[in-house]
Amino acid sequence: MERIDKILSHHGFGSRKDVKKLLRDERITVNGKFVYDSGLQIDISADEVCVDGEKIRLQHDVYIMMNKCADVVCANKDGEHRTVFDLLDDSLRHKFLGGDLHCMGRLDIDTEGLLILTTDGKLTHRLLSPKTHAPKTYAVGLRDSLTEEEKQKYTEKFTKGFYIAPEGNEAGFEAQPAEIQFAVRSEQLSIINSTGEVSPSLQSPSAFSATPSAGTPRNAPNIDCLLTIYEGKFHQVKRMFAQLGNEVVYLKRVKMGELELDPALPLGGYRELTDEEIEKLSEK
């Protein structure tokens, strides 16, 4: 149970003072009746709350899938670059009952793909915990093409795991065994090659869905392999290939746990996860 002023304030209807005015002006009903008490306790799973006759979807936590584009950073604020939160519609720029939206794991500024924004701190902690070993799959484009012999060498290295050298202030580490796939199927490419330019202003058809305005589709990247890792060290994928003498020139996350990036989601676009997708994410 939650107070109605807290609920509506956390669903984007202004401060609690603003909500009190809405109540006084008879603009809010609960289960079909006008209410006036800002301290009224509401069961968000059972009660129907309407503002100006429009039913409000009440929820504690929010789960959003974004197809992150390059040149935006996974941060709330950044003095130099746009952030993933700058891509969100204004209706999502407020505190929710479950707390503030945060990134469930980060992607580098030049990395594209599957990014989850949520208020569910418990799920984020569980999935990102080193003890969980939640798999994350990336589409990788390499600087140097590989012979069949070199592909075999890479496969053996990734399958066994190997030492990764330090980078800057980041210590070296023994990378856990990973899975590398060089034969990328057409249905996998459909996820990787989501198209669309990011517009400075996204046109949002609803509070939980946004698609960039029409633009010129980007060129399909040259994908050399899919790599699945079970940890999340700093610049891990790039450092693993660098250790083998190659360089990652394109990187896109396409899967987290059992949740795949929606191939219909353009770069910079986002939408709310379905209940089934939330379950997949929770499966690890």
Side-chain angles (χ1 to χ4, degrees), residues 63-70 72-75 84 102-118 120-142 154-155 157-162 164 167 170 173-185 187-194 221 223-244 246-263 265 267 270-271 273 276-284:
Y63 305 85
I64 294 172
M65 175 190 292
M66 176 179 285
N67 186 3
K68 179 189 171 298
C69 50
V72 294
V73 295
C74 295
V84 293
H102 62 268
C103 297
M104 185 181 284
R106 295 173 180 269
L107 293 174
D108 294 340
I109 186 170
D110 58 349
T111 301
E112 298 177 354
L114 178 60
L115 181 67
I116 303 301
L117 305 174
T118 184
D120 191 340
K122 290 183 179 179
L123 179 58
T124 297
H125 181 267
R126 188 179 72 79
L127 284 176
L128 299 186
S129 171
K131 298 179 181 179
T132 304
H133 304 302
K136 295 170 283 291
T137 300
Y138 295 83
V140 183
L142 297 172
Y154 276 44
T155 300
K157 278 283 190 179
F158 280 108
T159 300
K160 294 178 181 178
F162 54 98
I164 305 299
E167 179 181 319
E170 297 293 325
F173 66 98
E174 287 288 340
Q176 297 176 11
E179 300 166 11
I180 191 166
Q181 175 189 342
F182 287 104
V184 183
R185 300 190 303 273
E187 62 268 26
Q188 294 170 317
L189 282 173
S190 69
I191 297 174
I192 298 164
N193 292 332
S194 299
I223 302 302
D224 293 284
C225 62
L226 295 178
L227 180 68
T228 300
I229 60 175
Y230 295 86
E231 53 200 329
K233 301 292 187 180
F234 179 75
H235 288 174
Q236 179 168 343
V237 175
K238 296 175 182 177
R239 292 166 70 185
M240 293 177 87
F241 282 100
Q243 189 71 32
L244 298 179
N246 214 323
E247 180 184 349
V248 173
V249 295
Y250 176 81
L251 191 61
K252 180 167 189 169
R253 185 160 65 194
V254 295
K255 190 173 181 181
M256 292 179 66
E258 295 302 315
L259 178 65
E260 292 186 342
L261 176 65
D262 182 349
L265 201 58
L267 281 169
Y270 61 88
R271 65 166 175 78
L273 291 182
E276 181 181 1
E277 288 172 331
I278 294 172
E279 289 182 9
K280 283 186 177 181
L281 197 60
S282 301
E283 288 173 2
K284 149 186 167 180

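Basis for what follows: all heavy atoms, side chains included, without hydrogens, waters or symmetry-related copies.
Side-chain contact between Asp224 and Val140: absent, with no pair of heavy atoms (C-beta onward) separated by less than 4.5 Å. Side-chain atoms of Val248 and Tyr138, non-hydrogen and from C-beta on, never get closer than 4.5 Å to each other. Leu127 is not listed as a side-chain neighbour of Ile116, based on a closest heavy-atom distance of 4.5 Å or more. Proximity of Ile229 to Pro135: side-chain heavy atoms (C-beta onward) are nowhere separated by under 4.5 Å.
The closest donor-acceptor contact from the side chain of Lys68 to the backbone of Lys252 lies at 3.5 Å or more, if one exists at all. In this structure, the side chain of His102 engages the main chain of Thr118 through a donor-acceptor pair within 3.5 Å. Of the possible donor and acceptor atoms, one in the side chain of Glu231 sits under 3.5 Å from a partner among the backbone N and O of Gln176. Of the possible donor and acceptor atoms, one in the side chain of Ser129 sits under 3.5 Å from a partner among the backbone N and O of Lys131. Without hydrogens or angle criteria, Arg253 side chain to Gly113 main chain gives no donor-acceptor distance under 3.5 Å.
We find the OG1-CG distance between Thr132 and Leu128 to be 8.0 Å, quoted to the nearest 0.5 Å. The distance from the CG atom of Leu142 to the CG atom of Asn246 is 4.5 Å, given to the nearest 0.5 Å. With values rounded to the nearest 0.5 angstrom, Met66 atom CE is found 13.0 Å from Glu112 atom CD. The CG atom of Asn67 sits 8.0 Å away from atom CG of Leu114, with the distance rounded to the nearest 0.5 Å. Within the model, atoms CD of Gln181 and OG1 of Thr228 stand 8.0 Å from one another, a figure rounded to the nearest 0.5 Å. Separation of atoms CE (Met104) and CZ (Arg126) is listed at 9.0 Å; rounding is to 0.5 Å.
In terms of the salt bridge (charged side-chain N to carboxylate O under 4.0 Å, His left out) criterion, Glu170 has no residue partners (sequence neighbours excluded). Residues passing the salt bridge (charged side-chain N to carboxylate O under 4.0 Å, His left out) test with Lys255: none are found, sequence neighbours excluded. Taking the side chain to side chain contact (heavy atoms under 4.5 Å, CB included) definition, one finds that Asp110 meets it with Asp108, Lys238, sequence neighbours left out.
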**Prompt:** What's the verdict on side-chain contact (heavy atoms from CB on, under 4.5 Å) for Val84 and Tyr270, showing C-alpha distance, side-chain angles and the deciding distance?
**Reply:** CA-CA 10 Å; Val84 293; Tyr270 61 88; over 6 Å; no

Can you list the steps and then say if Arg271 with Glu277 is a side-chain contact (heavy atoms from CB on, under 4.5 Å)? CA-CA 12 Å; Arg271 65 166 175 78; Glu277 288 172 331; 2.7 Å; yes

**Prompt:** Is there a side-chain contact (heavy atoms from CB on, under 4.5 Å) between Ile278 and Asp120 once you walk through the steps?
**Reply:** CA-CA 11 Å; Ile278 294 172; Asp120 191 340; over 6 Å; no

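Closest heavy-atom contact between Gly105 and Leu115: O-CD1, 3.3 Å. Scanning both residues, Pro177 and Tyr230, for their nearest heavy atoms gives O-CD1, 3.7 Å. For the pair Leu265 and Met65, the tightest heavy-atom approach, listed with the atom from each and the gap, is CD2-O, 3.7 Å.
Summarising the local packing, CD of Glu276 is surrounded by 12 or fewer heavy atoms from other residues, nucleotides or ligands at distances under 6.0 Å.
Using bins of under 30°, 30° to 60° and over 60° for the plane-to-plane angle, the ring pair Phe158/Tyr154 lands in the tilted bin.
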